[in-house]
There are 2 protein chains.
Amino acid sequence: MPSDAPFPDEHNHAICMSQALGNAAKLCLQRGVRLTPLRLQVLELVWRSHKPLGAYTILENLQTAQGRRAAPPTVYRALDFLLAQGLIHRIASLNAFIGCLHPEATHVGQFLICEHCGNAIELDTPEITNCIMQRAEILGFVVKSQTIEISGRCAHCQARYAS
Amino acid sequence: MPSDAPFPDEHNHAICMSQALGNAAKLCLQRGVRLTPLRLQVLELVWRSHKPLGAYTILENLQTAQGRRAAPPTVYRALDFLLAQGLIHRIASLNAFIGCLHPEATHVGQFLICEHCGNAIELDTPEITNCIMQRAEILGFVVKSQTIEISGRCAHCQARYAS
DNA sequence: TTAAAAAAGTTATAATATAACATAATCAGT
DNA sequence: ACTGATTATGTTATATTATAACTTTTTTAA
């Protein structure tokens with residue numbers, strides 16, 4: 001079974017997560033938008049690991065104040081907010097959501113997704129974007145958004161669990 | 001309203017489509033797999049345009065022999081076959097399917113998807129793949145499959161319908 | 001010709017996502 | 001603080017996409 005540690009051992013996820021949450025709070029303040037308790041809770045759930053999380057998984061783990069179980073729109077609206085603020089990304093190939101590493105700037109999401117441990121590694125590789133933009137430009141295509149999701153096996157799993 | 005012509009005027013889609021269908025028949029024969037009437041019908045529906053088509057849209061347009069309406073698994077099984085043979089691609093960001101331009105060789109699907117006319121242009125740009133592979137290799141990530149879907153506005157629509 | 005395999009039919013249901021409207025909380029201007 | 005406007009959340013119902021499980025039909029190969 002793959003370790004639950006999202007990334008190699010040097011990765012301290014508690015720090016990783018608290019930085020992300022702190023950053024999110026700061027950005028929302030700067031932007032004058034409200035990171036309400038519900039939205040924060042969803043963001044925390046998404047940040048619990050580096051594995052993209054489905055909306056219904058989030059729903060199941062949501063603690064509503066009254067102990068009453070939240071309904072889907074509650075989660076989807078929070079996710080919509082977080083997406084709009086660039087605090088999370090949606091992984092189309094998995095119908096799932098993951099915390100964004102660079103929410104301060106709008107950018108395209110590029111992911112390496114390990115089929116074995118489920119972790120998604122966010123890339124920030126301008127070369128890939130440039131290469132795509134170049135090709136698009138030749139064809140006169142104006143790029144608005146990019147979905148780049150690469151599946152395979154991460155170094156961690158490749159080393160530990162030879163296929 | 002955007003023209004229904006999938007691509008610029010020089011594109012004769014009747015020829016485009018019949019080539020694709022002929023090629024598909026040839027490949028299936030070579031591979032010893034059966035392009036049954038049902039599978040062919042689904043492939044034809046997918047090839048009617050260059051707009052990715054949802055499974056339920058295909059379902060609605062399926063003519064069953066008895067006039068009885070087909071059920072979802074019928075379509076999904078045909079789609080699974082066509083995907084396995086590389087005759088179509090699935091567009092994850094649209095939950096939809098589109099005919100493959102190069103079914104003779106397994107390859108990654110790269111698409112420019114016009115938000116205006118709905119057409120998806122399949123790229124075959126090794127530079128993009130190489131760029132991604134390079135970056136992945138640096139991280140020790142072994143790539144198994146790639147989802148590359150670029151949304152925006154195609155040259156056709158850009159020229160005719162200034163945003 | 002007949003058993004095995006493959007394909008298609010059929011029924012039910014799972015998983016993901018949104019529409020529409022009701023209620024509650026927050027904010028801006030007084 | 002008060003009040004109307006705005007924003008956020010609750011709630012119910014339903015749309016959309018996809019698959020599981022089992023049956024029947026068709027095709028293949030001995």
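Every chain is numbered from 1, with letters handed out A, B, ... down the list of sequences.
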Trainee: Go through it in stages, so that I can follow the logic: the residues are Ser151(B) and Gln146(A), the test is side-chain hydrogen bond (donor to acceptor under 3.5 Å, both in side chains), and I'd like the CA-CA distance, side-chain angles, deciding distance and then a yes or no.
Mentor: CA-CA 6 Å; Ser151(B) 284; Gln146(A) 304 186 16; over 6 Å; no
Trainee: What nucleic acid atoms does Arg77(A) come within less than 4.0 Å of, heavy atoms only: base, sugar-phosphate, or nothing?
Mentor: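 Contact class for Arg77(A): base.
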Trainee: Starting at atom CG of Asp80(B), determine the distance to atom C1' of dA18(D), rounded to an integer number of angstrom.
Mentor: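 Those two atoms, CG and C1', are 10 Å apart.
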Trainee: Does a donor on one side chain and an acceptor on the other come within less than 3.5 Å for Ser145(A) and Glu149(B)?
Mentor: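 There is no such pair (donor and acceptor under 3.5 Å, judged by atom type) between the side chains of Ser145(A) and Glu149(B).
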Trainee: Rounded to whole Å, please give me the gap between CG in Leu38(A) and C1' in dT23(C).
Mentor: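 Computing the Leu38(A):CG to dT23(C):C1' distance gives 15 Å.
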Trainee: Taking it one step at a time, do Glu104(B) and Asn23(B) satisfy side-chain hydrogen bond (donor to acceptor under 3.5 Å, both in side chains)?
Mentor: CA-CA 8 Å; Glu104(B) 49 283 343; Asn23(B) 197 18; 3.2 Å; yes
Trainee: Using whole Å, report how far OH of Tyr76(A) lies from P of dA15(C).
Mentor: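 To the nearest whole Å, that distance equals 12 Å.
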Trainee: Between P on dT11(D) and CZ on Arg69(A), what's the gap in Å once rounded to a whole number?
Mentor: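 Nearest whole value for this atom pair: 13 Å.
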Trainee: Base, sugar-phosphate, or nothing: which does Thr74(A) touch, judged by heavy atoms less than 4.0 Å apart?
Mentor: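 Touches a base.
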Trainee: Rounded to the nearest Å, what distance is computed from the CG atom of residue Leu59(B) to the P atom of nucleotide dG9(C)?
Mentor: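 Going from CG in Leu59(B) over to P in dG9(C) covers 11 Å.
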Trainee: Rounded off to whole Å, could you give me the CD1-to-P distance for the Ile58(A) and dA15(C) pair?
Mentor: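 Atom CD1 in Ile58(A) sits about 16 Å away from atom P in dA15(C).
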Trainee: Do the side chain of Tyr56(B) and the base of dA18(D) come within less than 3.5 angstrom through a donor-acceptor pair of N or O atoms?
Mentor: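 Checked by distance alone, the answer is yes.
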Trainee: Please compare Pro73(A) and Gly54(A) by the position of their nearest nucleotide in DNA chain C and report the one closer to 5'.
Mentor: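 Looking at the nearest nucleotide for each, Gly54(A) comes out on the 5' side.
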Trainee: Tell me which nucleotide among dT28(D), dT19(D), dA8(D) gets nearest to the side chain of Arg39(A).
Mentor: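 Nearest nucleotide to the side chain: dA8(D).
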Trainee: Nearest whole Å is fine: how far is dG10(D) C1' from Gln41(A) CD?
Mentor: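 Taking CD of Gln41(A) and C1' of dG10(D), I get 15 Å after rounding.
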Trainee: With a sphere of 6.0 Å drawn around CD of Glu137(A), does it hold more than 12 non-hydrogen atoms of other residues, nucleotides or ligands?
Mentor: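 Not more than 12 within 6.0 Å, no.
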Trainee: Just to confirm, is there a sub-4.0 Å distance from OP1 or OP2 of dA18(D) to any side-chain nitrogen or oxygen of Asn95(B)?
Mentor: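 Checking dA18(D) against Asn95(B), a side-chain N or O does come within under 4.0 Å of OP1 or OP2.
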Trainee: Should the pair His50(B) and Trp47(B) be assigned to parallel (<30°), tilted (30 to 60°) or perpendicular (>60°) ring geometry?
Mentor: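 Ring orientation, 0 to 90° scale: perpendicular.
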Trainee: Without decimals, in angstroms, what is the distance between Leu79(B) CG and dT19(D) C1'?
Mentor: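 In whole Å, dT19(D) C1' and Leu79(B) CG are 13 Å from each other.
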